[in-house]
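Read the structure below first, then the notes.
Scope of the values below: all heavy atoms of this structure, side chains included, with no hydrogens, waters or symmetry mates. Lettering follows sequence order; numbering is per chain, from 1. On a predicted model such as this, the values are computed, not experimentally measured, just so you know.
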There are 2 protein chains.
Amino acid sequence: MSPDTKTRIIEATVATIKSEGITGTSARAIARHGDFNQALIFYHFGSIEELLRATMEHTSSARIELYRSRLEGVETLADLAAVAGDLHKEDREQGNMTLLTQLMAGAANDEVRAAHLMTTFEPWIGFVRETLDRLIATTPFGGMFDMDDIAFSISALFVGVELMSDLDPERSRDTVYDTMQLLAGAFQAVIGEPGQDTASRERQEIPVE
Amino acid sequence: MSPDTKTRIIEATVATIKSEGITGTSARAIARHGDFNQALIFYHFGSIEELLRATMEHTSSARIELYRSRLEGVETLADLAAVAGDLHKEDREQGNMTLLTQLMAGAANDEVRAAHLMTTFEPWIGFVRETLDRLIATTPFGGMFDMDDIAFSISALFVGVELMSDLDPERSRDTVYDTMQLLAGAFQAVIGEPGQDTASRERQEIPVE
DNA sequence: GTCTATAGTCGGATAGAC
DNA sequence: GTCTATCCGACTATAGAC
């Protein structure tokens, strides 16, 4: 019945952060959520610190694969905005974004934790970058902007929207993604779709990496 | 020598959140930072909760006026990005953005605190909106997008960039704002500058509210 | 591997001297 | 208005029974 105990503890940790926030996440609170004894945490992880690190890795690696599989077929900026909006909505409903922002805030004044969290987040940014490369970098506009900065900014935008939405849950943020989709479509119209001629650019192959 | 005691306590609270994070902010830690007795907090504010609320208001109202005075002269999107980048850089260096994100994260699972923080943040979003109104809403593009959503997204972008920058302080984020400035300039070129004719829009008065 | 019990620290908050 | 002293609950972590 009980799967791996370490996994059970990590899942209880996730549930605790989602419902109590990082400031309310203690060994006792986690044990209450998972219905096991508090001392188990220290037997399996040694410290709360180590448990939080393990929790970061567990949740991050689980999500990145889903994102990758869903976004690899995307071919226009409007599609990107639409799929990203859908994924983000799922994550919101499951509390995954709250989990992330709470872990981030809790790591801000702790260098070791921050470095660890950034490492788990890096593939995410790199992956937004890859998607952008497919859609923009092959156009003449690709050379105009630093794609790393844009990928970083887009990732930050999602994080920021979530953090602020958590503060104001009554105002639905679905329209924000609709608006972003409109904007992306307008932008796409200006730069032209990949694989389709426009007045201002030459036809190019889209590199498959 | 000592100004208002309440102010001293609030300033010690700000210093504590900046250096210890929201999870490390306790009555005792605040008292250490401000070099006064812990009991003073409860005499003047009644509870930590109330002190945090007062701190939110204090810091928010102080900054919004500065932002307003600096941004009211802005007339193009590129200028907007430039001035916003400068202001944001100042805030970063003073730790004000860390303060904000930490307060946000700490308020996420506390409805009363969240509502309070959102209230102090609302003028900020409204004010980004006013700036956008001056720059975009008077063009034909104004009708295409929900300006509230865009103002919300821009505010969220800054918050998100900061939260992520806090995790990765070594990678300088100055280039992010340079890139945003470039993007804004390109966008401006497409929609045309306010007060200047373009092929696709009629001349309009910019309403002064 | 999981539990109870407990040590030791730190938290919010109050009473009361000055 | 500011301090000392203190209550009491919650915390991390460990020792040791089972």
Side-chain angles (χ1 to χ4, degrees), chain A residues 1-56 58 102-103 105-113 116, chain B residues 1-56 58 102-103 105-114 116-117:
Chain A
M1 148 107 206
S2 71
D4 182 25
T5 303
K6 283 191 150 196
T7 308
R8 257 179 71 212
I9 295 176
I10 287 177
E11 278 163 4
T13 307
V14 168
T16 306
I17 297 175
K18 283 178 183 175
S19 77
E20 318 290 339
I22 190 72
T23 58
T25 297
S26 64
R28 283 163 148 86
I30 293 167
R32 268 195 300 274
H33 272 269
D35 202 34
F36 48 75
N37 192 277
Q38 175 247 142
L40 256 193
I41 291 171
F42 299 96
Y43 175 79
H44 284 285
F45 292 94
S47 70
I48 297 289
E49 197 57 41
E50 200 55 50
L51 171 57
L52 287 178
R53 270 197 275 272
T55 303
M56 287 174 192
H58 177 84
Q102 290 294 309
L103 283 172
N109 60 319
D110 180 326
E111 278 185 34
V112 180
R113 233 145 100 183
H116 212 83
Chain B
M1 149 110 205
S2 71
D4 182 24
T5 304
K6 282 192 150 193
T7 307
R8 259 179 70 213
I9 296 176
I10 287 178
E11 278 163 5
T13 307
V14 168
T16 306
I17 297 175
K18 283 179 184 175
S19 76
E20 317 289 342
I22 191 71
T23 57
T25 297
S26 64
R28 285 165 150 84
I30 294 166
R32 270 194 299 274
H33 272 270
D35 202 34
F36 48 76
N37 193 278
Q38 175 246 139
L40 257 192
I41 290 170
F42 300 96
Y43 175 79
H44 284 285
F45 292 94
S47 70
I48 296 290
E49 197 57 40
E50 200 54 50
L51 171 57
L52 286 177
R53 271 197 276 271
T55 303
M56 287 173 192
H58 177 85
Q102 290 294 309
L103 283 171
N109 59 319
D110 179 327
E111 278 185 34
V112 180
R113 234 144 100 181
H116 212 85
L117 187 53

Query raised in the report: side chain to side chain donor-acceptor pair (under 3.5 Å) with T7(B): which residues, sequence neighbours excluded?
Result: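 T7(B) satisfies side chain to side chain donor-acceptor pair (under 3.5 Å) with D4(B) once adjacent residues are dropped.
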
**Report entry** By side-chain contact (heavy atoms from CB on, under 4.5 Å) - contacts of F42(A) (at least two apart)
**Finding:**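 Counting only residues at least two positions away or on another chain, F42(A) forms a side-chain contact (heavy atoms from CB on, under 4.5 Å) with A27(A), Q38(A), I48(A).
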
Requested in this report: With heavy atoms under 4.0 Å as the rule, sort A39(B) into base, sugar-phosphate or nothing.
Outcome: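 Here A39(B) touches the bases of the nucleic acid.
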
Report task. Return no unless some side-chain N or O of T5(B) is found under 4.0 Å from OP1 or OP2 of dT2(D). Result ->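 T5(B) to dT2(D) OP1/OP2: side-chain N or O found under 4.0 Å.
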
Query raised in the report: Can a side chain N or O of S26(B) be found less than 4.0 Å away from OP1 or OP2 on dG11(C)?
Result: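 So the side-chain polar atoms of S26(B) do come within 4.0 Å of the phosphate oxygens OP1 or OP2 of dG11(C), strictly under.
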
Report task. Please figure out whether Q38(A) or Y43(A) has its closest DNA chain C nucleotide nearer the 5' end. Result ->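 The 5'-side residue here is Y43(A).
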
Measure [atom1]/[X] against [atom2]/[N] and give the value in whole Å, please.
X	N	atom1	atom2	value
N37(A)	dC11(D)	CG	P	14 Å
H44(B)	dG1(D)	NE2	P	6 Å
F42(B)	dC7(D)	CZ	P	17 Å
F45(B)	dT2(D)	CZ	P	11 Å
E49(B)	dA13(C)	CD	C1'	14 Å
I22(A)	dC11(D)	CD1	P	14 Å
I41(B)	dT14(C)	CD1	P	13 Å
R28(B)	dC3(D)	CZ	C1'	14 Å

Query raised in the report: Is there a side chain to side chain contact (heavy atoms under 4.5 Å, CB included) between Q102(A) and K18(A) once you walk through the steps?
Result: CA-CA 8 Å; Q102(A) 290 294 309; K18(A) 283 178 183 175; over 6 Å; no

Query raised in the report: What nucleotide among dC3(C), dA13(D), dC3(D) has an atom nearest to a side-chain atom of L40(A)?
Result: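 From the listed options, dC3(C) comes nearest.
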
Report task. Please figure out whether G46(A) or R32(A) has its closest DNA chain D nucleotide nearer the 5' end. Result ->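 Counting from the 5' end, the first nearest nucleotide belongs to R32(A).
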
Query raised in the report: Under 4.0 Å between a Lys/Arg side-chain N and an Asp/Glu carboxylate O for E11(A) and R8(A)?
Result: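 No, no charged N to carboxylate O under 4.0 Å.
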
Query raised in the report: Picking from I9(B), T13(B), L40(B), what satisfies side chain to side chain contact (heavy atoms under 4.5 Å, CB included) with F45(B)?
Result: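 It is I9(B), the one option of I9(B), T13(B), L40(B) that forms the side chain to side chain contact (heavy atoms under 4.5 Å, CB included) with F45(B).
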
